[in-house]
Q: 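Can you keep this structure in mind? I'll have questions shortly.
What you see below is based on every heavy atom in this structure, not just the backbone, and it leaves out hydrogens, waters and symmetry mates.
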Amino acid sequence: MVRADLLLAAGARLCIGSDSEVQLSPLEDVRQLEYHLRLLQEQRAVLDLEPAGVGGLGARLYGVASEGGMRSLGLPGGTLSPGEPRISSPSISTIRPSPARMPTI
């Protein structure tokens, strides 16, 4: 299990990637990252910097999925600031084509 909480506390920048053919969802990947830490530490919102603050866990996970990915590619953006590039909507789409409707080759 990746101790993302310790890595982030030490100043590391994280990003999410996949080699899976089953799931390609950066938002699901960061959610699972938090869930693994919940199991390990038996508490919720482990990656939340400000447990009673605004944004909190969702903002942290979005940052790992978007800003972390953009920086890993050497690109600017990934924040929710006006005019900043961010992850495109197709990359976080939950709509998957049915294998039954896929054309045969």
Side-chain angles (χ1 to χ4, degrees):
M1 224 176 272
V2 175
R3 290 296 308 264
D5 56 332
L6 299 178
L7 290 170
L8 290 167
R13 292 182 178 166
L14 301 182
C15 67
I16 297 297
S18 179
D19 61 355
S20 173
E21 295 179 14
V22 177
Q23 170 183 294
L24 295 173
S25 172
L27 299 180
E28 181 64 25
D29 289 344
V30 293
R31 190 183 92 167
Q32 290 299 321
L33 185 68
E34 169 69 22
Y35 280 176
H36 289 153
L37 291 172
R38 285 182 185 193
L39 290 171
L40 184 66
Q41 296 188 23
E42 297 180 357
Q43 70 180 37
R44 296 180 66 163
V46 176
L47 295 177
D48 193 351
L49 291 177
E50 300 176 40
V54 176
L57 181 59
R60 183 50 133 5
L61 295 179
Y62 181 85
V64 170
S66 62
E67 187 177 8
M70 296 290 275
R71 288 185 182 215
S72 73
L73 296 171
L75 300 172
T79 63
L80 290 177
S81 302
E84 283 286 322
R86 53 187 169 266
I87 58 176
S88 63
S89 55
S91 67
I92 60 172
S93 173
T94 59
I95 300 170
R96 301 280 187 258
S98 167
R101 290 188 229 144
M102 301 290 281
T104 56
I105 299 177

Q: Once salt bridge (Lys or Arg N to Asp or Glu O under 4.0 Å) is applied, what residue pairs with a partner in residues 7-17 remain, sequence neighbours excluded?
A: none
Q: The criterion is salt bridge (charged side-chain N to carboxylate O under 4.0 Å, His left out); which residues satisfy it with Arg44, sequence neighbours excluded?
A: none
Q: Who passes side-chain contact (heavy atoms from CB on, under 4.5 Å) against Gln43, sequence neighbours left out?
A: Gln41, Val46
Q: Would you please name every residue forming a side-chain hydrogen bond (donor to acceptor under 3.5 Å, both in side chains) with Glu28, sequence neighbours left out?
A: Arg31, Gln32
Q: Going only through I, L, V, M, F, W and Y residues with side-chain contacts under 4.5 Å, is there a path from Leu14 to Val2?
A: yes
Q: What distance separates Leu33 CG from Leu7 CG, expressed to the nearest 0.5 Å?
A: 9.0 Å
Q: Return the minimal non-hydrogen interatomic distance between Gly56 and Asp48, and the atom names on each side.
A: CA-OD1, 3.1 Å
Q: Going only through I, L, V, M, F, W and Y residues with side-chain contacts under 4.5 Å, is there a path from Met70 to Leu73?
A: yes
Q: Quick one: side-chain contact (heavy atoms from CB on, under 4.5 Å) partners of Leu6, sequence neighbours excluded?
A: Arg3
Q: Looking only at heavy atoms, which two atoms of Gly69 and Ser72 are closest? And how far apart?
A: O-OG, 2.7 Å
Q: Can you name the residues that form a side-chain contact (heavy atoms from CB on, under 4.5 Å) with Leu61, not counting sequence neighbours?
A: Val30, Glu34, Leu47, Leu57
